[in-house]
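Data first, discussion second: the structure below is written as structure tokens.
Order of the sequence lines fixes the chain letters, A, B, ..., with proteins taken first and strands second; residue numbering starts at 1 for each chain.
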Amino acid sequence: MAIEFKTKPGLVVYLTAGDPDLATTRDIALAAIDNGADVIELGVPFSDPLADGPVIQRASERAVAKGTRLTDVLGVAAELRKARPQAGIILFSYLNPVLRLGLSDFCAKAAEAGADGVLLTDMIVEEAGEYLEAMRANNLAPVFLAAPTSPDARLKAIAECSQGFVYAISRTGITGTQSSLTSDASQVVTRLRQFTKLPIAVGFGVSNADHVKAVGEFADAAVIGSAIVQLIEKTAPEQAAAAVGKFVAELRA
Amino acid sequence: MGGATGSTTSAMVNPAGPIRSAVGRFGVYGGRYVPETLMAALEELEAAYADAQKDAAFQAELDDLLHNYCGRPTPLYYAKRLSESLGGAKIYLKREDLLHTGAHKINNALGQGLLARRMGKQRIIAETGAGQHGVATATVCALLGMDCVIYMGDEDMRRQELNVLRMRLLGAEVRGVSAGSATLKDAISEAMRDWVTNVRSTFYILGSALGAHPYPTIVRDFHRVISKEAKRQIMEQEGKLPTAIVACVGGGSNAIGAFYEFLNDTNVQLIGVEAGGRGTALGEHAARFMKVGGGVPGVLQGTYSYVLQNDAGQIALTHSVSAGLDYASVGPEHAMLHDSGRATYTSATDDEALKATVTLARTEGILPALESAHAVAEAIKLAPTMAKSDVLMVNLSGRGDKDMGILARELDLQSVSVKG
């Protein structure tokens, strides 16, 4: 169990867990893995997702309204681990649901579920002492975000605190699709590269096969989020897994 | 009360640090929990603020504008008829409602506006609940010639329409937010999304003592003037410090401003009043410190403090008749003062606040904002239990003109009968 990008660029697929429901999230994740996703980021829905654009906001709202809990998302992770032992699984959450469960409880349960790592959207490296200890104790990889606005000193700390991979944000902004990648994306990857040998994944606005190809020229992996969440929103639940599987296969084509 | 730090500067990025960083902490509360994209901007703000604090010219310009533009110092008024009708402590009102734009909010909006200009930022964004911070920010932007975008929940735009019109007249763009409960919390999230996107060109004038470090410290510092003046004024008028100070607490900016200079005067009771809304069930109030059914420590919008939430860590909806108190979390310095016991926190219901509004209007000819009316309601409860020699100071944080629509709906103004 480790995060590994077998082909270049690797593919990370973000899903808001519980949208439209937990069983469908599991089926969608399996379809994504079977069609070429290296890593699944299981998003824990949160009532106030301030780093997210309208697409993931709506998905979170739907999932929260259905009563989706952090512990339910851990259940999906466990099912994925059982079904696909080789896939990378990252839990992606805002801090508050994790704090409510308790940092060490959460890390223990995440490890038990078979997750490889965790990304907390609103956790910065300076505040992460207790979190990193709990992660280490449970053999989980902490993944931190690196931003185009982060000065080199911050990128260095982010690289040093991260395991598995580092998540480089492609632009200043919130999650959401866009028509083309900005030059911010390659610059932040180049600057990060000075400080780490870990794979670097690029996300925020990576929406189609052309973007994935472009990311492959300067980074190790691409993260697709809103484009897939939007596809799920537009598709009937029973067809969502097949639709996402096809979409991921096309990204790989 | 040496614990009120909140001013530690970030020395360096220290990943091997303690359990949590000491930067911007009030006891265990506060800190910085934001998307990484904002960190450079927060560090820039922290440095610029430290620099401005050392600059006598910055402080002189702020003082001049507070005096000549805003009308400081505000009076400390002995509310004789109210006091006598209650038959207990002498009640004094710190008249922040008389400030330009009608509330204490201008103290901070002006301070941050000058800071933005100093940092060369031309585009200003802000959130607003009751609209008082939005109006204050729009005013400062007009004064300084800056571009202004205000985020406001749709529900708040509806119930505080007058302030929406004022902001637009002042040249601000008001953007409605329909997410969640369409109130202050959702306006803050949307302002933060704007800031993340336009962080290189934009200054976020946060309106309460909330959010990631350094905001709670900056906002408190710009409101300290309230307690600085009040301390001098009460000594002049009564020759002693007040027995107790009462202030309403939404995010907590007027309260921390009214409390701060008295923190070391431990014989002065500090009382914060939260919105008790219309019931004690989650969703029916905004009383974060309520013993049963209140908040638990967590992270909302950048800071660690008490948060109203369900047992899965989802943020609860809130209710208050006053938009400015209708928020699920509370400033981290108040969380510290709550835990240490230095300040106590209580609540007033919608009905109590509405009644207090009428009482103050009819005994003193002063129409308080519904937010401030929560503090008045507590004073009405408390004063009769105190001795005639006691002095009770109420921070009257804003005026109530903005609430006339709500008051007309909630009260039968012709027949409502209130003693006094």
Side-chain angles (χ1 to χ4, degrees), chain A residues 44-54 57-58 61 64 67-72 93-101 103 120-133 144-151 153-161 167 169 171-174 176 204, chain B residues 10-24 31-44 179-181 185-186 188-201 212-213 296-302 304 307 309-317 328-329:
Chain A
V44 178
F46 183 51
S47 52
D48 296 81
L50 59 81
D52 284 301
Q57 282 179 52
R58 287 198 301 270
E61 203 168 310
V64 169
T68 311
R69 304 170 66 97
L70 173 53
T71 44
D72 297 327
S93 184
Y94 288 84
L95 186 51
N96 199 60
V98 168
L99 288 181
R100 190 65 201 247
L101 190 58
L103 266 180
L120 298 176
T121 317
D122 43 3
M123 176 62 91
I124 56 165
V125 287
E126 288 93 332
E127 305 286 6
E130 187 180 3
Y131 165 63
L132 288 174
E133 262 173 39
F144 284 91
L145 297 168
T149 49
S150 308
R154 296 196 61 79
L155 292 183
K156 182 166 185 285
I158 288 162
E160 285 168 4
C161 289
Y167 188 136
I169 300 172
R171 52 155 196 235
T172 61
I174 50 180
F204 280 42
Chain B
S10 29
M12 61 175 116
V13 177
N14 180 14
I19 283 179
R20 44 176 90 85
S21 152
V23 175
R32 282 184 294 201
Y33 300 94
V34 290
E36 171 63 22
T37 307
L38 292 180
M39 277 307 296
L42 289 170
E43 288 177 343
E44 186 193 6
S181 54
K185 166 173 78 70
D186 312 291
I188 294 176
S189 284
E190 207 53 35
M192 287 185 80
R193 291 186 186 111
D194 181 317
W195 199 31
V196 168
T197 307
N198 302 296
V199 61
R200 289 173 172 128
S201 66
H213 175 70
V296 297
V299 166
L300 177 63
Q301 295 172 333
Y304 182 63
V307 181
Q309 53 182 300
N310 71 12
D311 64 356
Q314 304 295 349
I315 308 306
L317 297 182
S329 186

Task: Options B/V199, B/D194, B/N198, B/D311, ranked by heavy-atom pairs under 4.5 Å with chain A, top entry - done: B/D311

- [ ] Can you tell which part of A/L70 gets under 4.5 Å to a heavy atom of chain B, answering side chain, backbone, both or neither?
- [x] neither

- [ ] Please test B/L42 against B/H213 for side-chain contact (heavy atoms from CB on, under 4.5 Å), starting from the C-alpha separation and ending with a verdict.
- [x] CA-CA 7 Å; B/L42 289 170; B/H213 175 70; over 6 Å; no

Task: chain A interface, residue from B/Q309, B/K185, B/M192 that has the most non-hydrogen pairs under 4.5 Å - done: B/Q309

- [ ] Name the region of B/V299, side chain, backbone, both or neither, that has any atom closer than 4.5 Å to a heavy atom of chain A.
- [x] both

Task: Portion of A/I174 that has a non-hydrogen atom of chain B nearer than 4.5 angstrom - done: both

Task: Top contributor to chain B interface from A/L120, A/I169, A/V64 [non-hydrogen pairs under 4.5 Å] - done: A/V64

Task: Check: A/I124 and A/L145 side chains under 4.5 Å, non-hydrogen atoms - done: no

- [ ] Go through the atoms of B/L300 and report whether side chain, backbone, both or neither lie under 4.5 Å from a heavy atom of chain A.
- [x] side chain

Task: Contact class of A/T68 relative to chain B, heavy atoms under 4.5 angstrom - done: backbone

Open item on the list: So for B/N310, is it side chain, backbone, both, or neither that comes closer than 4.5 Å to the heavy atoms of chain A?
Closed with: backbone

- [ ] Look at A/R154 together with A/E126 and state whether they make a salt bridge at an N to O cut-off of under 4.0 Å.
- [x] yes

- [ ] For salt bridge (Lys or Arg N to Asp or Glu O under 4.0 Å), just list the numbers for B/R193 and B/E190, CA-CA rounded to whole Å, side-chain angles, deciding distance to a tenth of an Å, and then say yes or no.
- [x] CA-CA 5 Å; B/R193 291 186 186 111; B/E190 207 53 35; 2.6 Å; yes

Task: Heavy-atom contact with chain B under 4.5 Å, split by part of A/P54 - done: neither

